[in-house]
Every structure is written in structure tokens, then in C-alpha cells.
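These notes are about the structure you will find just below.
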2 protein chains.
Amino acid sequence: MPKVFAERSDVIPALGEIFREYGFAGASLSEITERTGLGKGSLYHFFPNGKNEMAEAVLNEIDTWFNENVFAPLRESEDAVSSIRLMFNEVNRYFKSGKRICLVGAFALDHTRDHFSEKVCNYFKIWMNSLTTALKRNGLAKKDAKEIAEEVVGGIQGALVLARSQDDPKIFVRAMKRLEKRIMELIGE
Amino acid sequence: MPKVFAERSDVIPALGEIFREYGFAGASLSEITERTGLGKGSLYHFFPNGKNEMAEAVLNEIDTWFNENVFAPLRESEDAVSSIRLMFNEVNRYFKSGKRICLVGAFALDHTRDHFSEKVCNYFKIWMNSLTTALKRNGLAKKDAKEIAEEVVGGIQGALVLARSQDDPKIFVRAMKRLEKRIMELIGE
DNA sequence: GTCTATAAAGCGATAGAC
DNA sequence: GTCTATCGCTTTATAGAC
């Protein structure tokens with residue numbers, strides 16, 4: 001019996017997980033129909049431009065989530081220290097303590113990046129800029145703040161790669177703790 | 001006019017670059033025939049098991065290269081400090097100062113990992129273990145050595161992701177310098 | 001060892017009934 | 001909004017001539 005009145009936004013999380021597991025090129029429509037429970041008709045109704053539009057919708061949702069839960073607090077919170085602690089907590093939660101990869105980072109590595117270059121570039125750029133802002137508010141010089149932001153955002157991506165390569169999420173958790181500790185030492189907390 | 005007497009080992013570097021650019025799933029045989037200049041007949045002559053065997057050959061070559069140029073010196077060199085400097089130099093050269101990604105790291109992220117899990121796992125494991133050995137030889141406690149090795153190998157992977165996301169190889173070069181400096185400070189050089 | 005021709009399957013995408 | 005049927009194309013892989 002066909003489901004009715006499914007909403008476009010309902011399928012986006014499932015699409016995200018499929019792209020994470022198979023990559024953009026490896027995610028086939030048959031896998032997508034199976035996992036979402038929607039036929040091709042429904043999928044093309046929601047995403048007339050096919051797989052490309054699905055990936056774009058996923059990237060937009062990621063963008064929104066990080067802006068609301070991580071980037072905006074870093075930029076706007078009066079208490080910069082707790083906004084940085086919040087970042088580590090939320091990021092750890094988002095990546096399921098290392099059991100989930102970063103889709104944007106995965107897209108960045110191969111030619112998939114070229115199809116979504118603006119979104120891929122901005123995700124990391126805004127993340128680093130927001131963290132830099134919070135660090136400057138804690139008294140760090142602009143140059144130092146930028147450098148540590150680059151180290152932290154890069155360190156998180158690398159820990160996700162390493163954790164998956166060893167099938168050991170604890171590698172990610174350890175990296176997060178190490179990076180948080182280093183930031184807190186630098187800003188004297 | 002058909003080339004004759006091409007050798008299997010001749011095509012492996014080209015295969016590596018194709019997999020880096022397109023990922024395993026995204027690398028099509030038509031792209032491979034085009035870039036290697038070999039017809040499907042020749043390719044299946046060299047790699048009877050098709051794409052899978054091609055990727056395996058690439059991973060084997062990567063394994064050999066890193067063992068000879070990076071891992072073995074780390075484990076065996078009498079001068080542990082210069083073996084660590086050598087590591088940073090060789091790794092920087094291998095990844096073309098951030099213009100080339102790590103194929104093993106890319107494979108690790110999606111389900112491609114499951115097809116080559118042993119090789120993917122061992123590449124990073126042996127890298128971290130070799131670096132740990134060199135660090136212990138410089139007087140670091142085992143626990144500290146393991147932690148810094150994890151940080152450095154992860155940091156390199158993350159920097160590759162970040163550099164490509166921003167299309168800015170300098171991010172990778174900066175990370176390499178930062179990581180080398182941190183190691184040298186820790187072992188008191 | 002190389003090539004071309006071809007097979008069989010799967011792909012993304014579309015059309016049209018309901 | 002959902003489905004099934006189908007299109008045209010590309011895919012991986014094989015066969016067989018040279």
C-alpha cells in the first residue's frame with residue numbers, strides 16, 4: 001500500500017546516510033528507493049534534478065544544522081568559552097562519537113567536490129571563521145586564532161578518517177578531548 | 001598502432017591517480033582505458049579480476065612505497081630524529097605539498113573500506129606504530145608516543161581534506177610544519 | 001599482449017496511469 | 001503524491017581475432 005503525503009524533508013536524513021555510506025557516485029537510485037521506501041516517481045517529484053538535487057538538499061540541511069547548533073553560537077555567544085565547549089559537544093554528538101563520517105569532508109576528497117564546490121568550501125570556511133571569532137573574543141591574536149582554528153577543524157576531519165580506517169570510534173573521541181584541552185589551555189581556562 | 005610489451009607495473013601509477021580523482025566507485029573502465037591508453041583487453045589481461053584487482057595493485061604499491069621510504073626508516077634508523085624529519089619531507093613530497101589526496105584515507109571513508117579493510121587498516125596502523133617506535137627511541141613514554149603518533153597521522157589526513165576543500169594546498173604545508181615543530185619540541189630538539 | 005565486438009546487467013531519468 | 005513500465009545509455013566483463 002503506497003504511503004501518501006510523505007514530505008520532501010522526511011527523506012533527506014536517509015539520503016544523507018546513504019551518501020555517507022556509498023559516496024555520491026556509489027549511491028545508486030535503487031539503493032535510494034530501497035532505503036527511503038519511495039519509488040523513483042516520488043523521488044523525482046521531490047527532487048526533479050535527480051541525485052544532484054538530493055545531494056544538494058542534504059548539504060543544505062547540514063549547513064543549516066551546523067549554523068544553528070555550532071557556528072552561530074561561536075560567533076554570537078557572549079560566553080565564548082562555553083560556546084567552544086558547546087561546539088565540541090555538538091560535533092561529538094553529530095558524528096556519533098566517531099561512528100559517523102563527515103559527508104562534506106568525503107565529498108571534498110574526490111571530483112564530487114567540483115559539483116558542490118561552493119557548499120564544500122563554505123562549510124569549512126565558515127566553521128573556521130566562526131571558531132576564529134570565538135577565540136579572538138578570548139583574547140587570542142587574530143593570527144594565532146586562525147591557526148588554531150585550522151588545526152582544530154582539520155584535526156576533527158583527520159580523526160574521522162583515522163577512526164573509520166581502524167573501525168575504532170574511540171580514536172575520534174580521544175582527538176576531540178585532546179583538541180578541546182589544547183584550546184582551553186591556550187585561552188587560559 | 002598498438003603498443004606492445006607494456007608492463008603491468010607501468011599502469012599502476014595512472015590507476016592510482018584515477019582512483020584518487022574519482023574514487024573507487026566513480027572510476028569507470030572507460031576513463032581507465034582512456035587515461036592508461038590501454039584497451040579493456042589489455043587491462044583484463046593484467047588484472048583478471050577487474051577494477052577490484054586494479055585497486056588492490058595500487059594499494060600494494062602505496063604500501064611498498066611507504067614502507068620503504070617512511071615506515072622502515074622510522075622503525076630502524078639509528079638517528080630517530082632525522083627519520084622523523086625524513087618522514088615529514090617524504091610525506092610532503094608524496095602528497096605533492098597538499099595537491100594530492102591520500103587514496104587510503106579516501107577509501108576509508110565510505111563502504112569501499114569494506115572491500116579493502118585489511119590494507120586500509122594496516123596502512124595507518126603501521127604508520128602510527130612506526131612513528132611511535134621512533135618517538136620512544138627519543139625518550140618518550142609509550143603512552144605519550146602513541147598519542148602523539150595518532151595526533152600526527154590524523155592531523156596529516158585532516159589537513160589533506162581541508163586543503164582540498166579550500167582548494168588551497170598551503171593549508172597542508174602549514175599543518176605539516178606545525179606537526180613537525182610540535183614533535184621536535186616534545187623530544188627536545 | 002593488444003584490439004574490437006558484444007553480451008548482460010545496472011544506471012539515471014522519464015512518461016503516464018491512478 | 002505514488003507507482004510501474006520503459007527508455008536510452010553506460011557499466012563491467014567476456015570472447016575471439018590478430
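First the proteins, then the strands, lettered A, B, ... as listed; each starts at 1.
At whole-Å resolution of the value, CD1 in A:I32 and C1' in C:dC11 are 12 Å apart. Rounded to whole angstrom, the span from the CZ atom of A:F47 across to the P atom of C:dT14 amounts to 15 Å. Atom pair A:K40:NZ and C:dA13:C1' shows a separation of 8 Å (rounding to whole Å applied). Separating the CG atom of A:L38 from the P atom of D:dT4 is a distance of 12 Å, rounded to the nearest angstrom. Here the P atom of nucleotide C:dT2 and the CZ atom of B:R8 are 13 Å apart, to the nearest Å. The CG atom of A:L29 sits 4 Å away from the P atom of C:dG12 (whole-angstrom rounding). The nearest whole Å value for the distance from the NZ atom in B:K51 to the P atom in C:dG10 is 15 Å. Separating the CG atom of A:L43 from the C1' atom of C:dT14 is a distance of 14 Å, rounded to the nearest angstrom.
Mapping A:G41 and A:E31 onto DNA chain C by nearest heavy atom places A:E31 closer to the 5' end of the strand.
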Report all side-chain donor-acceptor pairs from residues 70-78 of chain A shorter than 3.5 Å, counting only partners two or more places apart or in another chain.
residue	atom	partner	partner atom	Å
A:R75	NH1	A:S130	OG	2.9
A:S77	OG	A:D79	N	3.1
A:S77	OG	A:D79	O	3.0

Tabulate below the donor-acceptor pairs under 3.5 Å that side-chain atoms of residues 115-123 of chain A make, not counting sequence neighbours, or state none.
residue	atom	partner	partner atom	Å
A:K119	NZ	A:N60	OD1	3.1
A:N122	ND2	A:E118	O	3.4

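In this structure, the side chains of A:K125 and B:Q166 come closer than 4.5 Å at one or more pairs of heavy atoms.
Remark: B:S28 is not in phosphate contact with D:dT10, judged by side-chain N or O atoms under 4.0 Å from OP1 or OP2.
Between A:R182 and A:E151 there is a salt bridge, with a side-chain nitrogen of the basic residue lying less than 4.0 Å from a carboxylate oxygen of the acidic one. Classification of B:E53 and B:R8 as a salt-bridged pair holds, one side-chain N sitting under 4.0 Å from a carboxylate O. Between A:E180 and A:K177, no side-chain nitrogen of the basic residue sits less than 4.0 Å from a carboxylate oxygen of the acidic one, so the salt-bridge criterion is not met.
Distances were taken from every side-chain heavy atom of A:F46 (C-beta onward) to each of C:dG1, C:dG12, D:dT2; the shortest belongs to D:dT2. Residue A:S42 has its side chain nearest to D:dC3 when only D:dT11, D:dC3, C:dA13 are considered.
Within residues 12-25 of chain B, no residue approaches DNA chain C, by heavy-atom distance under 4.0 Å.
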